[in-house]
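I have placed the structure first, in the form of structure tokens, so that the comments after it can refer back to it.
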Amino acid sequence: QVQLVESGGGLVQDGGSLRLSCKASGPRFGGYAMAWFRQAPGKERRFVGVVNWSDTRTTYSDSVKGRFTISRDSAKNTVYLQMNSLKPEDTAVYYCAADRDYRGGLYETAAAAYEIWGQGTQVTVSS
């Protein structure tokens with residue numbers, strides 16, 4: 001079974017940067033779409049961005065576009081979320097997720113479409 005483990009969260013000041021990592025392990029995840037979501041206290045889990053293992057196409061939510069960048073290193077089985085120009089409203093638990101039904105084309109942005117989740121990593125941006 002595919003497992004996802006996030007790391008890299010922490011406390012950063014307004015305008016700072018962090019890079020999150022999501023390491024995948026297990027059989028046959030090569031075709032999956034890999035996404036980042038975040039959940040602030042009292043709010044629903046929201047889509048941040050997505051990439052897949054086969055090409056470099058990415059999609060981002062409007063709230064992070066131009067500030068966050070998703071990349072993947074197939075040799076390390078790791079997906080990254082580089083977060084720049086962080087704002088206090090970016091404070092949340094960030095989750096890595098995999099859509100094992102992805103077959104190319106448009107990405108899913110609903111959390112319900114992703115079957116496999118990591119444990120989450122806390123990102124706190126202080127003002």
Side-chain angles (χ1 to χ4, degrees):
Q1 180 170 341
V2 174
Q3 292 185 323
L4 305 175
V5 178
E6 302 100 331
S7 61
L11 174 65
V12 64
Q13 289 188 333
D14 190 355
S17 298
L18 278 176
R19 188 177 79 159
L20 306 183
S21 300
C22 171
K23 186 168 178 63
S25 61
R28 297 186 298 176
F29 56 82
Y32 296 0
M34 301 294 297
W36 288 94
F37 287 79
R38 64 186 182 184
Q39 188 166 19
K43 296 187 176 181
E44 64 182 13
R45 195 167 295 187
R46 294 185 175 180
F47 172 79
V48 173
V50 62
V51 72
N52 72 82
W53 294 105
S54 300
D55 57 47
T56 58
R57 291 185 305 114
T58 53
T59 296
Y60 299 95
S61 67
D62 289 342
S63 61
V64 306
K65 198 173 296 182
R67 299 188 298 123
F68 290 12
T69 302
I70 292 178
S71 61
R72 85 282 187 279
D73 185 334
S74 298
K76 296 182 178 180
N77 296 337
T78 302
V79 175
Y80 302 99
L81 179 66
Q82 177 66 46
M83 304 184 294
N84 298 327
S85 302
L86 282 161
K87 307 173 183 180
E89 51 263 43
D90 294 317
T91 295
V93 177
Y94 283 70
Y95 296 91
C96 178
D99 176 5
R100 62 189 177 194
D101 294 326
Y102 179 70
R103 294 294 180 267
L106 294 177
Y107 289 119
E108 295 282 353
T109 59
Y114 291 79
E115 303 89 356
I116 304 168
W117 292 84
Q119 82 286 356
T121 185
Q122 176 71 46
V123 171
T124 303
V125 184
S126 63
S127 57

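Throughout, residue positions are numbered sequentially from 1 according to the sequence presented. Because the structure is a prediction, the values reported are computed rather than measured.
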Does atom CD (Glu89) have a neighbourhood of more than 12 heavy atoms from anything else shown, all under 6.0 Å? yes
Between Asp73 and Trp53, the two heavy atoms sitting closest are O-CZ3, 4.0 Å
Residue pair Asp14 / Pro88, side-chain heavy-atom distance below 4.5 Å: yes
- [ ] Mind running side-chain contact (heavy atoms from CB on, under 4.5 Å) on Ser126 and Leu11 for me, showing each step along the way?
- [x] CA-CA 7 Å; Ser126 63; Leu11 174 65; 4.3 Å; yes
Aromatic rings Phe37 and Phe47: how do their planes relate, parallel, tilted or perpendicular, breaks at 30° and 60°?
perpendicular
Q: Evaluate side-chain contact (heavy atoms from CB on, under 4.5 Å) for Thr78 paired with Arg72, printing each intermediate quantity in order.
A: CA-CA 6 Å; Thr78 302; Arg72 85 282 187 279; over 6 Å; no
Spell out, as yes or no, whether a donor-acceptor pair under 3.5 Å connects the side chain of Arg67 to the backbone of Ser85. yes
> Under 4.0 Å between a Lys/Arg side-chain N and an Asp/Glu carboxylate O for Asp62 and Lys65?
Replying inline: yes
- Have Thr124 and Gln122 got a donor and an acceptor in their side chains that come within less than 3.5 Å? yes
Determine, stepwise, if the pair Leu86 / Phe68 fulfils side-chain contact (heavy atoms from CB on, under 4.5 Å). CA-CA 9 Å; Leu86 282 161; Phe68 290 12; 3.8 Å; yes
Between Tyr60 and the options Thr69, Val50, Val48, the side chain to side chain contact (heavy atoms under 4.5 Å, CB included) test singles out Thr69
Scanning both residues in full, the closest heavy-atom pair of Asn84 with Ser17 reads OD1-OG, 3.0 Å
Is any side-chain heavy atom of Val64 closer than 4.5 Å to a side-chain heavy atom of Arg38?
yes
How about Val123 and Asp90: do any of their side-chain heavy atoms sit closer than 4.5 Å?
no
Less than 4.5 Å apart, side chain to side chain, heavy atoms only: is that true for Thr59 and Tyr107? yes
Closest heavy-atom pair, Met34 versus Ala98, reported as atoms and distance to 0.1 Å, is SD-CB, 3.7 Å
TODO: State, with a plain yes or no, whether a side-chain heavy atom of Tyr80 is found less than 4.5 Å away from one of Ile70.
DONE: no
Of all heavy-atom pairs linking Tyr114 and Ala35, the shortest is CE2-CB, 3.5 Å
Donor-acceptor pair, distance only, cut-off 3.5 Å: does the side chain of Lys23 make one with the backbone of Lys76? yes
Between Arg100 and Glu115, the two heavy atoms sitting closest are N-OE1, 3.0 Å
The reported gap from SG in Cys96 to CG in Leu20 (rounded to nearest 0.5 angstrom) is 9.5 Å
Check: Val5 and Cys22 side chains under 4.5 Å, non-hydrogen atoms: no
Is there side-chain contact between Arg46 and Ser61, with at least one heavy-atom pair below 4.5 Å? no
Hydrophobic cluster identity match, Trp117 and Leu81, side-chain contacts under 4.5 Å:
no
* Start with the C-alpha distance between Glu6 and Tyr95, add both sets of side-chain angles, then the distance that settles side-chain contact (heavy atoms from CB on, under 4.5 Å), and finish with yes or no. => CA-CA 7 Å; Glu6 302 100 331; Tyr95 296 91; 4.0 Å; yes
* Heavy-atom check, side chain of Glu108 versus side chain of Tyr102, under 4.5 Å -> no
Applying the 4.5 Å side-chain criterion to the ILVMFWY set and letting contacts propagate, would Val79 and Val93 be lumped into a single cluster? no
ILVMFWY network linking Val12 to Met83, side-chain heavy atoms under 4.5 angstrom: yes
**Prompt:** Heavy-atom count around Gln3 CD within 6.0 Å, excluding the residue itself: above 12?
**Reply:** no
